[in-house]
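Report on one structure; see the data block that follows.
By convention in this document, chain letters (A, B, ...) are assigned in the order of the sequence lines, proteins followed by strands, and residues within each chain are numbered from 1.
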Amino acid sequence: GQNIDQPTEMTATEGAIVQINCTYQTSGFNGLFWYQQHAGEAPTFLSYNVLDGLEEKGRFSSFLSRSKGYSYLLLKELQMKDSASYLCAVVSGSARQLTFGSGTQLTVLP
Amino acid sequence: GAVVSQHPSWVICKSGTSVKIECRSLDFQATTMFWYRQFPKQSLMLMATSNEGSKATYEQGVEKDKFLINHASLTLSTLTVTSAHPEDSSFYICSAREVRPEAFFGQGTRLTVV
């Protein structure tokens, strides 16, 4: 089976930096995604990591350590619009299906 | 970028009726499509994986006779919720993938069964 853990909720202040962690246990690992989801909307792609290391894309960065089964999403210069649920999703299996974590609800305060 | 269109965006139906949700990849051929269900304040739960021209693979606990999935072409997959009940009310989301690992999501369908 697969197990993906991420914190349920986080709160941060506008302009700050926040790191959302994700740990996973899976067989046949094929990569890890981070998605952003606003309430009532479909998830939108943020990042994809398949090799160890840091991927930077604007204000968002994502890190992966395959040996540790660990990833984090780093959000810099937080804006109010960043308040959303952030989903960690692992790709695995021959069908390369995505299995999602429970999501981290981030609230950005003024 | 790749676009996945899901229709309808929301639907209200009477208990006992069936509802069909369509998922189309507009500018790419989707070799694999996935159907998810999401209850309020919960994450996406994979219901089934479908490949064009073959039967869908359902996740444990998902009734294949209740949630009929058809992936008849490389650009269209449908999910039919048969004999819907109020507990089937949820947010249903499809995603489609080509050769790249990234899956692209439809807009989602909010189903309310009354």
Side-chain angles (χ1 to χ4, degrees), chain A residues 1-10 20 22 24 26 28-51 55 57 62 64 66 71 73 83-107, chain B residues 1-10 21 23 30-52 54-62 69 71 89-112:
Chain A
Q2 300 184 66
N3 191 30
I4 302 172
D5 288 317
Q6 51 181 131
T8 305
E9 296 178 322
M10 296 184 74
I20 303 174
C22 172
Y24 64 89
T26 187
F29 177 81
N30 259 312
L32 185 145
F33 286 94
W34 283 96
Y35 284 88
Q36 180 192 62
Q37 186 180 27
H38 286 98
E41 299 179 10
T44 55
F45 169 79
L46 290 179
S47 68
Y48 172 65
N49 294 68
V50 66
L51 300 176
E55 295 279 343
K57 186 185 294 185
S62 57
L64 175 67
R66 288 172 296 171
S71 173
L73 178 70
S83 292
S85 181
Y86 290 85
L87 306 171
C88 169
V90 172
V91 184
S92 63
S94 56
R96 295 182 295 142
Q97 63 192 44
L98 276 177
T99 302
F100 285 84
S102 55
T104 299
Q105 183 64 46
L106 174 66
T107 302
Chain B
V3 178
V4 176
S5 177
Q6 187 173 340
H7 178 81
S9 297
W10 59 271
I21 303 170
C23 181
T31 53
T32 308
M33 286 189 172
F34 304 93
W35 287 95
Y36 295 87
R37 180 168 52 184
Q38 185 176 35
F39 292 104
K41 297 189 177 181
Q42 294 186 24
S43 192
L44 285 77
M45 298 300 297
L46 180 66
M47 298 175 67
T49 302
S50 73
N51 294 296
E52 184 263 340
S54 61
K55 289 184 179 180
T57 302
Y58 289 80
E59 294 300 300
Q60 192 172 9
V62 178
I69 292 172
H71 193 163
S89 298
S90 186
F91 191 48
Y92 292 87
I93 307 176
C94 72
S95 70
R97 192 185 62 218
E98 42 168 359
V99 293
R100 288 180 289 176
E102 178 185 346
F104 301 93
F105 286 87
Q107 306 95 314
T109 299
R110 185 158 302 284
L111 170 64
T112 302

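At a 4.5 Å heavy-atom cutoff, the contact between A/Leu98 and chain B is made by backbone and side-chain atoms alike. Using a 4.5 Å cut-off between heavy atoms, A/Gln37 contacts chain B through its side chain alone, with no backbone atom that close. Residue B/Gln6 does not touch chain A at all, counting heavy-atom pairs closer than 4.5 Å.
Options B/Thr31, B/Leu44, B/Ile93 differ in how many heavy-atom pairs under 4.5 Å they form with chain A, and the most are formed by B/Leu44. Chain B forms more heavy-atom pairs under 4.5 Å with one residue of A/Ala89, A/Gly101, A/Gly31 than with any other, namely A/Gly101.
For A/His38, the NE2 atom is densely surrounded, since the number of other residues' heavy atoms within 6.0 Å is greater than 12. Few gaps surround CE on A/Met10; more than 12 heavy atoms of other groups in view lie less than 6.0 Å from it.
For the pair B/Ala103 and A/Phe33, the tightest heavy-atom approach, listed with the atom from each and the gap, is N-CZ, 4.4 Å.
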All N/O donor-acceptor pairs, side-chain side in residues 39-47 of chain A, below 3.5 Å, sequence neighbours left out:
residue, atom, partner, partner atom, Å
A/Thr44, OG1, A/Gln36, O, 3.2
A/Ser47, OG, A/Ser62, OG, 3.1

